[in-house]
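Counting begins at 1 with the first residue of the sequence. Counting convention: from 1, in listed order, for ligands and their atoms alike.
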Amino acid sequence: MPPNITDPPIERDPEIVFNATEKSNQPPLPSSAAKDGYKLNIFQLSLNQLAHILIGMTVGVMLLFALRNGLPLGATPQHVILCVLGYHLLMAQAILSLSPHNGWSSRMKLVHRRRVHWILQVLGSGLALAGCFIKILDKDVHWDTLHGRFALVSMVFTSVSMVNGLASLYANELRGLRLPPSLSKLTHICFGIVGFAAASITLCYGLDKAQFRNWATDNFTTAIIIFVATFTTIIIVNPFITFFNKGRGLFRNN
Ligand code: HEM
């Protein structure tokens with residue numbers, strides 16, 4: 001056999017592999033339960049893949065829109081680029097990185113996933129807040145539109161979630177202050193979900209502006225709004241479940 005040819009790996013039934021890897025320290029599931037678990041797993045992996053595709057298309061379209069008049073960029077295109085890259089590329093990936101169904105991070109050790117999460121979170125929040133402040137400085141009257149008001153909500157919750165994230169990162173060290181670690185984690189998840197959802201609503205109001213609609217046409221604008229709503233729902237489902245599970249655990253322990 002030539003040196004670069006090795007025996008092909010033996011194909012194993014994915015249901016058996018799923019049953020063995022996911023529940024390795026428990027007795028094997030009965031076949032029907034394994035089948036359901038396997039199907040749910042494939043469904044969640046597919047949703048995760050769909051979210052990545054929709055994020056890519058949305059961010060791509062927003063970059064094309066912002067760069068349509070070429071350089072130098074005015075305040076609004078700079079604002080759009082920074083907010084969309086910050087919130088809907090980096091922060092979206094930061095949240096997805098902790099999901100067990102996320103393609104690029106699922107094989108990482110938990111400690112590395114957490115590191116990637118906070119690095120993406122800090123970078124994303126930094127870009128997004130910079131984009132918001134560029135537009136705030138460009139305007140004379142503030143918070144007079146729904147776009148601006150939802151942006152304010154997202155800015156506040158994103159900032160609080162960042163501070164709170166630090167408390168979650170050092171949750172064990174903060175035990176001395178008698179703060180239950182799961183409390184800082186719970187509030188971090190909650191503020192993160194609200195901040196990200198508010199950013200997506202802000203983006204939808206941004207897409208609804210005449211300058212975007214005139215460039216993209218009404219039907220295409222509706223399609224992008226549906227993309228944003230779909231990937232936002234997929235992204236926040238997992239933290240939502242974690243939030244309720246941790247919340248139940250906190251109340252049970254008290
Ligand atoms: C996640 C995305 C976005 C965020 C977080 C965001 C945030 C903000 C903020 C903080 C302001 C200033 C509000 C004020 O001072 O009253 C603003 C204003 C503005 N943004 Fe955005 N924006 C986003 C996306 C967009 C998009 C996609 C467009 C254009 C298509 C856009 C166009 C504008 C315009 C024209 C204004 C000035 C008018 C107004 O306040 O409604 N933004 N945005």
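Listed by chain and residue number, Ile241, Arg248 satisfy the side-chain contact (heavy atoms from CB on, under 4.5 Å) test with Asn245 (two or more places apart in sequence, or in another chain).
Ligand 1 places these atoms under 4.0 Å from at least one heavy atom of Met62: 27 (C). Within ligand 1, counting atoms from 1 as listed, the ones closer than 4.0 Å to a heavy atom of Thr145 are 39 (C), 40 (O), 41 (O). Per-residue contacts place Gln211 under 4.0 angstrom from the following atoms of ligand 1 (heavy atoms of the residue considered): 35 (C). Counting the atoms of ligand 1 from 1 in the order shown, those under 4.0 Å from a heavy atom of Phe65 are 30 (C).
At a threshold of 4.5 Å between side-chain heavy atoms, the hydrophobic network of Ile, Leu, Val, Met, Phe, Trp and Tyr places Met155 and Ile193 in two separate groups. With hydrophobic clusters built from ILVMFWY side chains whose heavy atoms lie under 4.5 angstrom apart, Ile81 shares a cluster with Met62.
Protein heavy atom nearest atom 16 (O) of ligand 1, with residue, atom name and distance: Trp143 N, 2.7 Å. Of the protein's non-hydrogen atoms, Ile136 CG1, 3.9 Å is the one closest to atom 12 (C) of ligand 1. The protein non-hydrogen atom at the shortest distance from atom 40 (O) of ligand 1 is Lys139 NZ, 2.6 Å. Protein heavy atom closest to atom 34 (C) of ligand 1, with residue, atom name and distance, is Lys209 CE, 3.6 Å.
Ring to ring, Phe65 and Phe212 are close: their centroids are under 6.0 angstrom apart. Under the 6.0 Å cut-off for aromatic ring centres, Phe227 and Phe231 do not qualify, their centroids lying 6.0 Å or more apart.
The closest side-chain donor-acceptor pair between His101 and Asn238, if any, does not fall under 3.5 angstrom. For His88 and Ser200, the side-chain atoms include at least one donor-acceptor pair closer than 3.5 Å. Inspection of the Tyr205 and Thr145 side chains reveals no N or O donor paired with an N or O acceptor under 3.5 Å.
Residue Ser125 comes nearest to Thr158 through the heavy atom pair OG-CG2, 3.6 Å, listed as atom of the first residue, atom of the second, then distance.
With a cut-off of 2.8 Å, the protein N/O/S atoms near atom 21 (Fe) of ligand 1 add up to 2.
Residue contacts with ligand 1, taken as heavy atom pairs separated by less than 4.0 Å, involve His142 via backbone and side-chain atoms alike. Here Tyr87 has side-chain heavy atoms under 4.0 Å from ligand 1, and that is the only part of it that gets that close.
Within the structure, ligand 1 has His88 among the residues with a heavy atom less than 4.0 angstrom away.
His117 places no side-chain N or O within donor-acceptor distance of the main-chain N or O of Leu98, the cut-off being under 3.5 Å.
With respect to Ile226, the side-chain contact (heavy atoms from CB on, under 4.5 Å) criterion is satisfied by exactly one of Thr222, Val228, Ile224: Thr222.
In this structure, Arg114 places its CZ atom where only 12 or fewer heavy-atom neighbours from other residues, nucleotides or ligands lie under 6.0 Å away.
Residue Ala199 holds the heavy atom nearest to atom 1 (C) of ligand 1 of all those in Pro77, Ser200, Ala199, Ala216.
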